[in-house]
Amino acid sequence: MDKKTSAGRCWLVGAGPGDLGLVTLRAKECIEQAEVLVYDYLCNPEMLKWAPDGAEKIYAGKKAGEHTLSQEEINALLVERGKAGKRVVRLKGGDPFVFGRGGEEAQALAAAGVPFDIVPGVTSAIAGPAYAGIPITHRGSNSHVTFFTGHEDPTKTESSIDFAALAKLGGTQVMLMGVERIGAISQQMLANGMRADLPVALIRWATTGRQETLTGTLQNIAQRVADAGFEAPAVAVFGDVVSLRNELNWFERRPLSGKRIVVTRTRSQAGVLTAQLAALGADVLELPTIRIEPPTDVRGFAELVQDAHAYDWIVFTSPNGVNAFFELFYKLYNDAREIGGAKIAAIGPATAQRVKDFRLHVDLQPEEFVAEAVVREFKKQGGVENLRILLARAEKARDVLPKELSAMGGIVDEGFAYRTVPETRDDNGARRRLLEEGADLITFTSSSTVENFMALDLPWPAGMQVASIGPVTSKTARDLGLTVDVEARRHDVPGLVGAIRKFYE
Ligand code: SAH
């Protein structure tokens with residue numbers, strides 16, 4: 001994307017079928033440079049995070065029956081922002097030109113003279129069957145594929161789908177939209193001479209952790225959909241290739257397929273935990289419980305940071321503290337040496353790592369955030385008598401550490417680097433899904449994840465079980481009235497994932 005052009009432009013971008021790994025590099029590049037992002041219901045919300053801070057994000061809706069913006073309004077919006085000189089990215093589920101009305105949007109842009117690019121995407125019409133283990137073409141089975149829409153303009157009285165032609169054509173037929181009309185559609189197909197025993201598969205939320213597939217025949221599929229309460233969005237495949245799924249089903253056979261698991265996104269470990277659970281097939285709801293905000297008194301903290309070189313020790317108690325400190329430090333100074341001769345203490349491995357990321361040596365690193373351990377380590381280094389110590393920490397953190405260091409004779413300045421507040425937003429839709437769909441299991445990787453989750457005061461979904469990383473976390477959970485169903489033997493992320501896997505075996 002050319003950043004220099006002042007003229008606006010619109011990119012009609014395929015967002016892929018759901019799995020973030022199926023988004024194209026080009027799509028990612030577009031999002032990373034967007035000034036305006038207009039996105040749909042079927043776009044994986046995780047990709048919105050690629051947008052620059054301050055990009056305008058507009059939800060265009062389009063979940064059947066709840067149009068947030070009409071098509072005309074969307075067209076007008078793209079034209080208006082484009083004419084205003086913006087880099088507009090219109091993200092559409094799957095491929096923009098496969099039943100996505102991308103053509104109409106491009107026409108509107110063309111008519112208004114707003115230049116545009118088309119970025120194709122992986123369509124659900126192909127990815128859905130693939131993730132269900134159904135090759136849409138197969139040597140010896142079929143020599144053509146038809147894509148059709150089951151969605152009809154409600155104002156039409158006559159069906160726009162030529163079922164007689166479809167029946168005659170044979171091959172593999174892939175239908176987008178219209179699961180809710182599967183009864184009428186399968187009847188039409190039968191009435192036009194298609195085989196009653198023709199294999200049919202419906203794949204909903206394809207390529208995501210919540211993918212489910214329902215199979216049957218043209219004769220019984222409608223009844224099965226009704227019995228299972230099977231709902232949109234789904235891709236339907238009609239054809240003999242469907243039976244290959246018996247051999248080729250891969251995605252839904254992973255150890256945690258069908259399990260919805262909550263990961264509370266409080267610690268930097270959350271990403272790793274999410275990735276490992278998702279790789280085993282779980283539908284992971286990453287739920288942020290807290291948000292990091294600047295401290296109430298930024299100026300006060302900035303003054304301490306400015307004097308950093310005057311301290312003998314700078315003590316960090318969390319990666320967030322390190323981030324907050326250096327963000328200010330490099331606003332004040334453009335030379336790392338301005339930190340002077342201060343030694344650095346970092347509590348916990350993640351904190352130490354963050355310090356190292358800034359290319360600074362960690363002089364002292366107690367493994368745990370237990371006052372005695374920290375004190376012991378400082379004593380090993382010769383104590384802190386009359387030494388000046390800057391403690392960069394969260395507002396309202398437990399205050400044992402400054403007391404202990406003062407008791408050892410240190411001259412301690414407490415710097416409130418940031419504060420944590422309960423997360424009330426729902427950027428990725430995880431909270432809404434948790435409330436609407438519930439979950440099988442919630443994971444806790446520390447006492448604070450339990451406390452922060454409980455502080456949100458959300459209704460506990462029926463039947464949701466609890467997995468804890470170890471006895472300390474389990475105790476906090478029990479103290480807050482929870483029952484712990486899974487406890488890791490090894491108290492790290494792989495240990496927790498292993499325990500969960502075993503639990504479901
Ligand atoms: N342009 C999109 C299709 C938009 S029409 C594409 O290329 O995939 C919307 C329909 O797409 C839905 O009703 C459903 O039939 C299908 N669809 C999109 N994403 C899907 C998914 N992850 N799983 C199943 N069906 C999906």
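Read the numbers this way: they start at 1 and go in the same order the structure lists the ligands and their atoms.
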- prompt: Counting heavy atoms only, which of M177, E180, K92 is nearest atom 13 (O) of ligand 1?
  reply: M177

task: Determine whether any heavy atom of A232 lies closer than 4.0 Å to an atom of ligand 1.
output: no

query: Among protein heavy atoms, which sits nearest to atom 8 (O) of ligand 1, and what does the distance come to when rounded to 0.1 Å?
result: S124 OG, 2.7 Å

Which residue and heavy atom of the protein sit nearest atom 3 (C) of ligand 1, plus the separation: V98 O, 3.4 Å

- request: Flag the pair E56 and R81 as a salt bridge only when some basic side-chain nitrogen lies within less than 4.0 angstrom of an acidic carboxylate oxygen.
  value: yes

- line: The protein heavy atom nearest to atom 5 (S) of ligand 1 is F99 O, 3.2 Å

- request: Please lay out, stage by stage, how T351 and V322 fare under the test side chain to side chain contact (heavy atoms under 4.5 Å, CB included).
  value: CA-CA 7 Å; T351 310; V322 180; 3.8 Å; yes

- prompt: What residue and heavy atom of the protein are closest to atom 25 (N) of ligand 1, and at what distance?
  reply: V235 CG2, 3.3 Å

query: Considering only the protein, which heavy-atom contact is closest to atom 23 (N) of ligand 1, and what is its distance?
result: A206 N, 2.8 Å

- line: of all protein heavy atoms, closest to atom 7 (O) of ligand 1 is T123 OG1, 2.7 Å

query: Among side-chain atoms of E327 and N323, is any donor-acceptor pair under 3.5 angstrom?
result: no

query: Crowded around R195 CZ? As in, over 12 foreign heavy atoms under 6.0 Å?
result: yes

- request: Just do the salt bridge (charged side-chain N to carboxylate O under 4.0 Å, His left out) check on E29 and R26 with the steps written out, would you?
  value: CA-CA 5 Å; E29 199 177 272; R26 184 91 181 95; 2.7 Å; yes

message: Could you measure the distance from the CZ atom of R433 to the CG atom of L285? Nearest 0.5 Å is fine.
response: 5.0 Å

- prompt: Which of these passes side-chain contact (heavy atoms from CB on, under 4.5 Å) with P135: N142, L244, T172?
  reply: L244

field: Closest protein heavy atom to atom 2 (C) of ligand 1, given as residue, atom name and distance to 0.1 Å
entry: G93 O, 3.1 Å

message: For ligand 1, which is the ligand I care about here, please tell me if R204 has any N or O atom under 3.5 Å from one of the ligand's N or O atoms.
response: no

query: Heavy-atom contact under 4.0 Å between I203 and ligand 1?
result: yes

- request: Give a yes/no on ligand 1: does P17 have at least one heavy atom closer than 4.0 angstrom to it?
  value: yes

4.0 Å heavy-atom contact, A234 with ligand 1: yes

- prompt: Using a distance-only test with no angle check, is there a side-chain donor-acceptor pair under 3.5 angstrom linking S468 and S474?
  reply: yes

message: Heavy atom to atom 9 (C) of ligand 1, shortest distance: which of L42, T207, T149 holds it?
response: L42

